[in-house]
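Have a look at the structure below, then the notes.
Per chain, numbering begins at 1; letters A, B, ... match sequence-line order.
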2 protein chains.
Amino acid sequence: MGAAAESSLANVPVFRHACGLCSLQGWCWPPGLQNGDLCRVHAIIRNIGPLPAGTHLFRVDDPFTALYAVRNGCIKSYTLDLQGHEHVRDFHLPGELLGFDAVYPERHHFNALVLKAASLCVIPYRDIAGLSRQIPGLQTRILALMSRDFARQQKCVEGLDATQQFAIFVFDVEARLQRENDVEYEFDLPMSHESIANYLRFSPETISRVISRLQQAGVIQVDREHVRILDVARLGQIADADQKNKSAGD
Amino acid sequence: MGAAAESSLANVPVFRHACGLCSLQGWCWPPGLQNGDLCRVHAIIRNIGPLPAGTHLFRVDDPFTALYAVRNGCIKSYTLDLQGHEHVRDFHLPGELLGFDAVYPERHHFNALVLKAASLCVIPYRDIAGLSRQIPGLQTRILALMSRDFARQQKCVEGLDATQQFAIFVFDVEARLQRENDVEYEFDLPMSHESIANYLRFSPETISRVISRLQQAGVIQVDREHVRILDVARLGQIADADQKNKSAGD
DNA sequence: CGTTAGTTTGACGGCACTCAAAAGTTGTGG
DNA sequence: CCACAACTTTTGAGTGCCGTCAAACTAACG
């Protein structure tokens with residue numbers, strides 16, 4: 001993942017608009033691959049975008065054809081229940097993959113909507129699956145990515161109160177956006193309060209109240225979508241609340 | 001246990017204590033495989049048990065070595081949070097697999113405890129991964145199983161009230177236990193109320209209240225672990241209630 | 001027969017939801 | 001540039017579900 005690795009790859013024409021020059025190179029597909037193999041991987045990857053906000057990448061029950069890697073922007077994956085309520089499954093930020101859920105039974109289980117104009121790499125599934133039978137290590141890598149995606153969804157935050165969940169959410173997004181933000185603890189939330197509410201399973205009003213309270217307490221500062229964490233330590237305490245209550249406090 | 005398909009396989013010695021005689025044959029590993037390939041799969045599978053209730057199959061951070069298929073009994077996968085509260089991730093019933101979460105980074109993310117004496121097939125991961133590079137279709141099958149396991153965890157029931165979630169849970173377990181129960185809508189819950197509570201993220205008291213209410217209403221009948229669904233239609237209404245459907249009309 | 005663990009039932013309180021309305025923001029057209 | 005509409009966010013009041021605490025009860029085990 002050093003400059004040396006990238007410059008050596010830059011010589012290969014096919015990389016120009018693919019992973020070789022992509023900021024995600026080494027993240028999506030690790031440097032463990034041989035140069036020739038990397039070429040073969042890149043050869044099947046298509047580049048699309050920027051897609052404007054409001055575009056649907058795919059919808060529920062669409063046939064599964066590819067995995068997507070977000071280069072920039074933000075994608076929201078969600079479903080609608082029978083009452084029409086939106087359930088946000090995840091937000092996909094630059095450097096992240098989506099689509100693994102649909103490997104079986106080859107249909108998408110959720111909708112993918114562009115929240116913020118996004119460019120993506122499209123990785124045709126049949127092609128990459130075929131390649132993985134030929135390139136040692138690629139199969140393991142795919143399984144690993146899938147398993148990691150799996151594990152992300154497992155994160156247990158249910159049962160915690162709204163303030164705590166929001167604090168965890170803010171830290172999570174902040175960390176995931178660090179790749180494209182120079183100032184630490186300061187970033188733009190690419191999604192609306194309503195989407196956050198649907199993600200954390202609270203009402204928009206509750207999210208609003210939480211933000212108000214944290215702002216009054218001087219923990220964070222919010223101006224429209226722009227967020228600044230003023231008191232990192234305090235927000236950290238709130239996010240980790242359950243741990244300290246038992247062991248340290250009493 | 002006796003069936004035509006099984007007797008034909010019984011001629012092959014290697015199947016004696018492996019998938020060939022297993023009631024799950026064709027479920028874990030589909031019949032799409034050639035006989036020779038099936039032999040190779042069976043050759044790497046070990047059979048253990050019965051393990052008594054209270055045995056840990058593995059614990060958090062144990063190195064990942066194998067997938068497990070439940071032949072009979074019941075396994076509970078769970079984690080303990082920092083306050084020592086148990087979070088049940090899933091119950092694994094006969095015919096189901098566990099272990100996929102640990103593919104990356106090759107450590108188990110949860111504990112697996114035997115709730116009801118269980119026999120299992122142990123599928124060493126390195127071996128099956130190696131085989132999948134040689135046997136066409138096996139890799140796809142593994143990905144499909146993993147993705148399906150993935151999708152199971154995605155089931156959105158959060159936000160629904162305790163009664164509705166419990167109704168859904170009862171139907172789910174009933175359907176999954178049908179393989180080993182002759183009487184429809186009548187089965188033994190292999191887990192305690194406390195475990196159910198930790199799975200559905202409610203308190204044991206709430207589960208108890210829900211059961212009492214459903215019993216008084218004549219919807220189900222519970223005697224210790226034995227459950228009988230008396231009014232399937234009514235319980236179905238409760239499970240599918242699109243929220244506002246209270247006891248209306250009848 | 002006594003102990004222990006799991007279950008049931010009641011009382012009380014808190015957090016988040018709903019309903020409702022006001023305030024702020026964005027986009028469009030005059 | 002302003003005015004208006006449509007939308008999002010904020011704030012308030014009231015309600016309900018579930019968690020906690022506590023005690024009575026039941027089954028299992030020695």
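Checked against D:dT8, D:dC18, C:dT7, the side chain of B:Ala162 finds its nearest nucleotide in D:dC18. In this structure, the nucleotide among D:dT11, C:dT9, C:dT7 sitting nearest to the side chain of B:Ser212 is C:dT9.
Five base pairs at each end of the helix from C:dC1-D:dG30 to C:dG30-D:dC1 define two local axes, and these are offset by 40° (rounded to 10°).
Atom-to-atom, CE of A:Met191 to P of D:dT9 comes out at 12 Å; the value is rounded to the nearest Å. When rounded to the nearest whole Å, the span between CD of B:Glu194 and P of C:dG6 equals 6 Å. Distance CZ (B:Phe166) to C1' (C:dT7): 13 Å, rounded to an integer number of Å. A straight line from CD1 of A:Ile196 to P of D:dT8 spans 14 Å, rounded to a whole angstrom. Atom CG in B:Asp161 sits about 15 Å away from atom C1' in C:dA16, given to the nearest Å. In this structure, the CG atom of A:Leu160 is 16 Å from the C1' atom of D:dC18, given to the nearest Å. Summarising the geometry, the separation between CD on A:Gln164 and C1' on C:dC15 is reported as 13 Å, rounded to the nearest angstrom. Rounded to whole angstrom, the span from the CD1 atom of B:Ile207 across to the C1' atom of C:dT9 amounts to 15 Å.
For B:Phe202 and B:Phe166, the distance between ring centers is not under 6.0 angstrom.
Using modelled atom types, one side-chain atom of A:Gln215 and one backbone atom of A:Val222 make a donor-acceptor pair closer than 3.5 Å. Side chain of A:Ser119 to main chain of A:Asn72: no donor-acceptor pair is present (N/O by atom type, distance under 3.5 Å, no hydrogens or angles).
No side-chain heavy atom of A:Leu230 sits under 4.5 Å from any side-chain heavy atom of A:Tyr185.
The salt bridge (Lys or Arg N to Asp or Glu O under 4.0 Å) check on A:Glu205 picks up nothing, with sequence neighbours excluded. Residues passing the salt bridge (Lys or Arg N to Asp or Glu O under 4.0 Å) test with A:Arg213: none are found, sequence neighbours excluded.
The salt bridge (Lys or Arg N to Asp or Glu O under 4.0 Å) pairs that include a residue from residues 111-122 of chain B number zero, where partners must be two or more places apart or lie in different chains. Sorted by first and then second residue, the salt bridge (Lys or Arg N to Asp or Glu O under 4.0 Å) pairs involving residues 105-115 of chain A (not counting sequence neighbours) are A:Glu106-A:Arg126.
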Under 4.0 Å protein heavy-atom contact, by nucleotide of nucleotides 19-30 of chain D - B base, S sugar-phosphate only: SBBB----SS--

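Using cut-offs of 30° and 60° on the angle between ring planes, the pair A:Phe58 and A:Phe110 is tilted.
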